[in-house]
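Down below is the structure, laid out as structure tokens.
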Amino acid sequence: MQNSCETSTGGSSPIDRLPNDLLSSADASPAVDRLSDDLLCSILRLSAVNGSPPFRLSLVCKRWLRLAYIIQTSLPGTFFASITQKPSPPAFDSIRKQTPLSQAPLCLQLSHRLSRGTSGNGGEIVNHGGGGSGGESANVSRIGSSSSSNEGISRSSSSSSRRVNYISLDRPSKITYLLKSLAKFPHLTGLATSPHCLEAYQGSFLTNLPLSCPSLTSISFGPLTSPHQSITESDLNGFFQAFKSQLREVYLDGCINKITIMPSSLTVISSLRLLYIQSSCLLELPEDLSPLSCLQELSLQCWKLLCLPESVGQLSSLTKLDLVCCSSLPQLPESLTQLPALTTLDVSHCSNLFDLPQNFGRMKALRDFKLSGGSFSTDVPESFCRLPDLRKLELRHAYWLDALPSSISALQNIRSIDLSICNWLKNLPEETGQLQKLEELRLTDCLKINRLPDSLCSLPNLKVLSLQKCFSIEYLPAALGDISSLTHLELCKLAKLTTVPSSAQDLLNLEVLILKGCKSLASVPRLLLQQPRLKHLVLNHIECLDQLLLDMGAMAVPAATSSANAASSAAAGAAAAADAAGAAAAADAAAAAAAAAGAAASDLLPSVAPAGVSPPAAFAAGSPNAAATPAAAAYHTPASHPSRPPLLLPSSLTHMELARNTTVASLPRSFSRLSNLHTLSVRRFSGLFSLLPDPITACQLARLQELRLAFCKKLTHLPPSLHLLLPSLTHLVLFSCTALSSLPKDLGQLENLSYLELSRCVGMTTLPDSLCRSPSLEQLIISTCPKISSLPANLGQLPSLKKLSLDNCKAVTSLPGSLVHAPSLTYLLVSGCGGLAALPEDLGAMESLEVLIVRCCDGVQELPTSLAQARRLKRVDFRI
């Protein structure tokens, strides 16, 4: 280890003692340097080792090896190697002989993490080797395979072995060490293996495993990385025989690709409860499955499976049968109808399935039936309409379906019907209204349906009605309001729908209303938006959104664009007149055009604002943004219709999403009184200059936690005193607000702010210094803000900051020096910052740093040598 440290400083080390001929002659080539760094970064992704592809290296450069040693010293007890190529480059062979760099072909962590968290059921989850997303979780541990790690596991296993019940393996160095380690956990019941274990050990691993795990009841074999490797039939036979009295769950996930017929020894596991098989080659199952009398779940994702044996009807305990993607399966066995306990049947994406068993309707226990794809005729087999206890029906991707049978009324216990991508389905039968217990009806991508049956309005228990991408629907049933139980109404991308029936205002139990992408929707009942229980409201890209917001009292944008267009057209006409009739005629035409343009503008907006309504302060003369905004006199709140009160949304709202508006300069003042609002999302408001009318003297958004503003390209500022207006704000996201140049100076006084994201705010120049005083900020994401040249100097004083991401901010030249003192920072990403010259030299002094990612920063050529002292560093990704 001392030699490794000396390497980083240029001292005597194995790297410096290497013969020159072992290094590539193209060592100085920038292309070789870049390639080598990329390889190193891939190797050092400690949290993503599991399932990573083999690394190959044909050229080794001296700088790569030196950088490898620097990183390796910062991870004591961690070993790595990059070469699976045989033979490996001589430079690595030489290094391997002189230093204990790689005793296992993967990254391994110290075993002192073994005694950290426990799983939800009281058993600790131990991950042997590297691996996956669990690598950063507090309750996932890893076991090393070095000599020091062996001692560590011996010390720690005695104290924690009573709690460990699940272990995940990822290619340890020696099978003998692995089996001895597993023997230290007498209560081990679950074991998952990566492809590497199976590729390395196969038969020997499966044969010796039962001796080490006498209490094992669940085992999972992952997919193999090489298509030429597979668990053999003899391996499975020995394994099944050894575990025949104790195994309850078996997962064979892509690891038996050379087996076409499942060995009959599978049936000797009499206690088996769950069997999962995914295979691209399996053709047949054992002919006699009756000994598996305890089997409850059978999941087969086998593309070439030709048939199910008739003996499947003798699995008396089977409750779930999953045949997803069995695309070669032509039919189901008739004996399937004899299963007394089967409640769930999924035959999705069985593209060759052409029929259901004749007595399919006799399956008295079946409650959940999923049918997707298939090669049926144009009619659904009526046998499924006789299922007495069916609760959930999914017909997805049923391109062959043009009508549902009228006998569907016999499904008196049905609760949910989902018809998705049934492109040829023309209409629902009137008998659908007889499904007295139906609670949920979803129609998605049903392109031919042009209306809903009126009988739907008589359903007494319907709670969810969702219509999406049904482009032919022109109107909804007039008595829609009679569905008094409706709580969720979703209308998305109904291109021909022009109005919502007035009776919808009687939906007094409505909690979720989503109107999205209905471009022709010109009329919505006002009372529909004022239901007393309404909690979730989405108004996105509907024609009447402009008028609804104006009815709520929003500030209107002046018709400057329209006036400019009119004036431009008039000027063009005047120029043509000048050519034809001379200068005098041109002058008359220009005057007439100007008058017409003024008249057009006055027709679009009232000339006088209503009494008691003042324009936003940001638009007033003398405002910091006055030069960038139109005159305040041009903004008005249109007067409400004299016969009706203003439209006020209910205080019960907790989530609101508004999108695509051009006529509103600020949101309605009444929004400030939505006392229960938790989430507010505003997108594509092209005329929005200010979030709320300013000043707001009384704001009751005390519970607003998430504020998301996107593509509001004229938004110039956020309200001042944001901490007083939104005291509970935790998430603030600003995306493509291009006119926004700064954030409120008191932003740091938002005591609950934990997430701040600025993306594509190309006008943003600085961040407020007060941000460094934010006590709860955990994540700061800055992306594509090209004018931000520096971060606040005291950013490292944020006590809770865990993640800092700086992406594509080309003007940033340096990171604040205080960042190395950030007490909680675990994740640091710097990418695409071409102006960044170097990382802080003392970056290794960061106590909590676990992940460091530096990509495409041309000025950063090397990582700081101080990384050797980074105690908790797990992953380094460095790419030039």
Side-chain angles (χ1 to χ4, degrees), residues 540 616 618 624-625 628-629 655-661 664-667 671 677-692 694 696 701 704-723 725-750 752-772 774 776-792 795 798 801 803-812 829 831-833:
N540 184 341
N625 300 304
T629 57
H655 177 99
M656 181 162 58
E657 178 183 335
L658 307 173
R660 293 186 180 270
N661 176 274
V664 168
S666 71
L667 298 181
F671 280 12
L677 193 64
H678 289 178
T679 304
L680 174 61
S681 175
V682 180
R683 297 188 296 111
R684 299 189 181 277
F685 271 45
S686 59
L688 191 70
F689 284 94
S690 177
L691 187 61
L692 290 172
D694 205 4
I696 293 289
L701 294 175
L704 188 67
Q705 297 178 0
E706 296 188 20
L707 175 60
R708 302 176 183 271
L709 306 175
F711 297 102
C712 299
K713 298 189 176 182
K714 292 186 179 179
L715 182 67
T716 57
H717 73 291
L718 295 180
S721 302
L722 200 61
H723 65 289
L725 298 177
L726 310 175
S728 301
L729 192 66
T730 60
H731 285 63
L732 176 60
V733 178
L734 303 174
F735 185 90
S736 195
C737 297
T738 55
L740 194 63
S741 60
S742 62
L743 299 176
K745 294 182 179 180
D746 56 352
L747 185 67
Q749 298 184 39
L750 288 169
N752 297 302
L753 185 65
S754 61
Y755 183 93
L756 175 60
E757 179 178 349
L758 308 175
S759 296
R760 299 187 185 181
C761 297
V762 297
M764 186 75 64
T765 57
T766 59
L767 298 179
D769 291 334
S770 65
L771 184 65
C772 303
S774 181
S776 303
L777 188 62
E778 296 181 357
Q779 298 188 53
L780 177 58
I781 314 295
I782 305 175
S783 175
T784 317
C785 297
K787 293 185 178 181
I788 293 181
S789 58
S790 63
L791 301 179
L795 193 64
L798 288 170
L801 186 64
K803 178 178 180 179
L804 174 60
S805 176
L806 196 63
D807 183 22
N808 200 23
C809 297
K810 300 184 182 299
V812 173
L829 181 147
S831 176
C833 299

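Because only heavy atoms are used, hydrogens play no part in the values below, and waters and symmetry mates are left out as well, while side chains stay in.
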- Message: Name the residue from Leu691, Leu701, Val733, Leu722 that meets the side chain to side chain contact (heavy atoms under 4.5 Å, CB included) definition with Leu707.
- Response: Leu691
- Task: If the plane angle is over 60° it's perpendicular, under 30° parallel, otherwise tilted; pick one for Phe735 and Phe711.
- Result: perpendicular
- In Å and rounded to the nearest 0.5 Å, what is the NZ to CG distance from Lys745 to Leu771? 15.0 Å
- Task: Measure across Leu667 and Val682 and return the closest heavy-atom pair with its distance rounded to 0.1 Å.
- Result: CD1-CG2, 4.1 Å
- To the nearest 0.5 angstrom, please state how far the CG atom of Leu758 sits from the CG atom of Leu743. 5.5 Å
- Specify the closest pair of heavy atoms between Arg683 and Asn540, including all atoms of both residues, with the distance to one decimal. NH2-ND2, 2.9 Å
- Task: Would you indicate whether the side-chain heavy atoms of Leu795 and Leu767 approach each other to under 4.5 Å?
- Result: no
- Note on the structure: On a heavy-atom basis, the closest approach of Lys714 and Phe689 is O-CD2, 3.4 Å
- Worked check of side chain to side chain contact (heavy atoms under 4.5 Å, CB included) between Glu657 and Thr679: CA-CA 8 Å; Glu657 178 183 335; Thr679 304; over 6 Å; no
- Item | Stepwise side chain to side chain contact (heavy atoms under 4.5 Å, CB included) check, Leu709 with Leu718 | CA-CA 11 Å; Leu709 306 175; Leu718 295 180; 3.8 Å; yes
- For Leu729 and Gln705 the tightest heavy-atom approach is CD1-O, 3.5 Å
- Message: Closer than 3.5 angstrom, by distance alone: can the side chain of Asp746 be matched with the main-chain N or O of Pro720 as a donor-acceptor pair?
- Response: no
- Message: Using every non-hydrogen atom in the two residues, find where Cys809 and Leu806 come nearest and quote the distance to one decimal.
- Response: SG-CD1, 3.9 Å
- List the steps and the verdict of side chain to side chain contact (heavy atoms under 4.5 Å, CB included) for Leu756 and Leu747. CA-CA 11 Å; Leu756 175 60; Leu747 185 67; 4.1 Å; yes
- Note on the structure: The reported gap from CG in Leu777 to OG1 in Thr730 (rounded to nearest 0.5 angstrom) is 11.0 Å
- Message: Using a 3.5 Å distance criterion without hydrogens, assess whether the side chain of Ser783 forms a donor-acceptor pair with backbone atoms of Ser759.
- Response: no
- Task: Can you measure from SG (Cys833) to CG (Asn808) and round to the nearest 0.5 angstrom?
- Result: 7.5 Å
- With side chain to side chain contact (heavy atoms under 4.5 Å, CB included) as the test, would you mind laying out the steps for Leu791 and Leu780 before giving the verdict? CA-CA 11 Å; Leu791 301 179; Leu780 177 58; 5.6 Å; no
- Which heavy atom of His655 sits nearest a heavy atom of Leu677, and at what distance? N-CD1, 3.9 Å
- Message: Could you measure the distance from the CG atom of Leu680 to the CZ atom of Arg708? Nearest 0.5 Å is fine.
- Response: 11.0 Å
